Engineer: 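The structure under discussion is supplied below as structure tokens; questions concerning it will follow.
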Amino acid sequence: MAERRIGYLLQELDRLIEARFDDDLAAGGLSRRHWQLLHTLSEGPRSADELRDALAPFWKTEGEWEIEIRDLSSAGLVDGDAGAIALTAAGRTVHDETFVRIAERRRTMASGVEPDQFATTMRVLAQMIENLAGAGRAGELGSN
């Protein structure tokens, strides 16, 4: 079998991470956006603006975050208004139980990978991202 290229390996890893992560979230009755909101709020209450801005890259539509907050509020997992949105006791429990599943999944994913190997992999991937992001800007500058 031919050696797989980095693009294939990254795509396959991303696909598996997404699928398994979604399984772990679904076990707690959560969507990806619900989890992102709960996890952000696990650090403490946030204003509606702070919360929306913290997760801005993930919103696909203008009012999506409001729908997700309403879902979590209706489920009794968050409480508050534009002044401050916070986890309820039930929300803290759901967050903590979900976090345990996600942490276990991360341990499984990294099984057999030494901590220094994992750290090196993260640095290499970050450097590749930086290189390609810079290459796009360099190409734009060169065409002027």
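Source: prediction; values computed, not measured.
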Engineer: Could you walk me through whether Arg52 and Glu66 pass salt bridge (charged side-chain N to carboxylate O under 4.0 Å, His left out), step by step?
Structural biologist: CA-CA 9 Å; Arg52 185 184 61 245; Glu66 293 166 333; 5.7 Å; no
Engineer: So does Gln127 have more than 12 non-hydrogen atoms from other groups sitting under 6.0 Å from CD?
Structural biologist: yes
Engineer: What I'd like to find out is whether the side chain of Thr120 reaches to under 4.5 Å of the side chain of Gln117, using heavy atoms alone.
Structural biologist: no
Engineer: Before giving the answer on side chain to side chain contact (heavy atoms under 4.5 Å, CB included), spell out for Leu10 and Leu125 the whole-Å C-alpha distance, their side-chain angles and the decisive distance to 0.1 Å.
Structural biologist: CA-CA 10 Å; Leu10 290 172; Leu125 291 173; 3.9 Å; yes
Engineer: Between Thr93 and Ala89, is there a donor-acceptor pair closer than 3.5 Å when you use the side chain of the first and the backbone of the second?
Structural biologist: yes
Engineer: Classify the side-chain pair Ser73/Arg70 by whether it contains a donor and acceptor separated by less than 3.5 Å.
Structural biologist: no
Engineer: Indicate yes or no: at least one non-hydrogen side-chain atom of Met109 is less than 4.5 angstrom from one of Arg105.
Structural biologist: no
Engineer: Start with the C-alpha distance between Leu77 and Leu87, add both sets of side-chain angles, then the distance that settles side chain to side chain contact (heavy atoms under 4.5 Å, CB included), and finish with yes or no.
Structural biologist: CA-CA 6 Å; Leu77 302 179; Leu87 292 179; 5.8 Å; no
Engineer: With a 3.5 Å cut-off and no angle check, do the side chains of Thr98 and His95 form a donor-acceptor pair?
Structural biologist: no
Engineer: Take the angle between the ring planes of Trp65 and Trp59 and call it parallel below 30°, perpendicular above 60°, tilted in between.
Structural biologist: tilted
Engineer: For the pair Ser42 (side chain) and His39 (backbone), establish whether a donor and an acceptor sit closer than 3.5 Å, ignoring hydrogens and angles.
Structural biologist: yes
Engineer: Would you find more than 12 non-hydrogen atoms of other residues, nucleotides or ligands less than 6.0 Å from Gln11 atom CD?
Structural biologist: no
Engineer: Do Phe58 and Glu64 have side chains that approach each other closer than 4.5 Å (heavy atoms only, starting at C-beta)?
Structural biologist: no
Engineer: Within the 4.5 Å heavy-atom criterion, are Arg33 and Lys60 side-chain neighbours or not?
Structural biologist: yes
Engineer: For residues Ala84 and Pro45, report the shortest heavy-atom separation together with the two atoms involved.
Structural biologist: CB-CB, 4.4 Å
Engineer: Grouping I, L, V, M, F, W and Y whenever their side-chain heavy atoms are under 4.5 Å apart, do Met122 and Ile129 come out in a common cluster?
Structural biologist: no
Engineer: Among Leu41, Ile85, Val78, exactly one meets side chain to side chain contact (heavy atoms under 4.5 Å, CB included) together with Leu72. Which residue is that?
Structural biologist: Val78
Engineer: Quick one, His34 and Leu25 - any side-chain contact, counting heavy atoms below 4.5 Å?
Structural biologist: no
Engineer: Test Thr40 against Arg46 for side chain to side chain contact (heavy atoms under 4.5 Å, CB included), laying out the working first.
Structural biologist: CA-CA 9 Å; Thr40 301; Arg46 301 269 185 111; 3.7 Å; yes
Engineer: Would you say Ile6 ends up clustered with Val124 if hydrophobic residues are merged whenever their side chains have heavy atoms under 4.5 Å apart, either directly or through other cluster members?
Structural biologist: yes
Engineer: Check whether any side-chain heavy atom of Gln36 sits under 4.5 Å from a side-chain heavy atom of Leu55, and report yes or no.
Structural biologist: yes
Engineer: Are any of the side-chain heavy atoms of Asp24 and Trp35 separated by less than 4.5 Å?
Structural biologist: no
Engineer: If you count every heavy atom of other residues, nucleotides or ligands that lies below 6.0 Å from Phe99 atom CZ, does the total exceed 12?
Structural biologist: no
Engineer: Under a 3.5 Å distance rule, please check whether Thr108 uses its side chain to pair with a backbone N or O of Glu104 as donor and acceptor.
Structural biologist: yes
Engineer: Measuring from atom CG of Leu9 to atom CD of Glu3, what distance do you get when rounded to the nearest 0.5 angstrom?
Structural biologist: 8.0 Å
Engineer: Tell me whether Leu38 is reachable from Val100 by hopping between hydrophobic residues (I, L, V, M, F, W, Y) whose side-chain heavy atoms are closer than 4.5 Å.
Structural biologist: no
Engineer: Could you tell me which non-hydrogen atom of Ser31 sits nearest to which non-hydrogen atom of Glu68, and how far apart they are?
Structural biologist: OG-OE1, 3.8 Å
Engineer: Do Ile17 and Ile102 share a hydrophobic cluster, counting only Ile, Leu, Val, Met, Phe, Trp and Tyr and linking them when any side-chain heavy atoms are less than 4.5 Å apart?
Structural biologist: no
Engineer: Would you check if the side chain of Glu50 reaches a backbone N or O of Ser47 as a donor-acceptor pair within less than 3.5 Å?
Structural biologist: yes
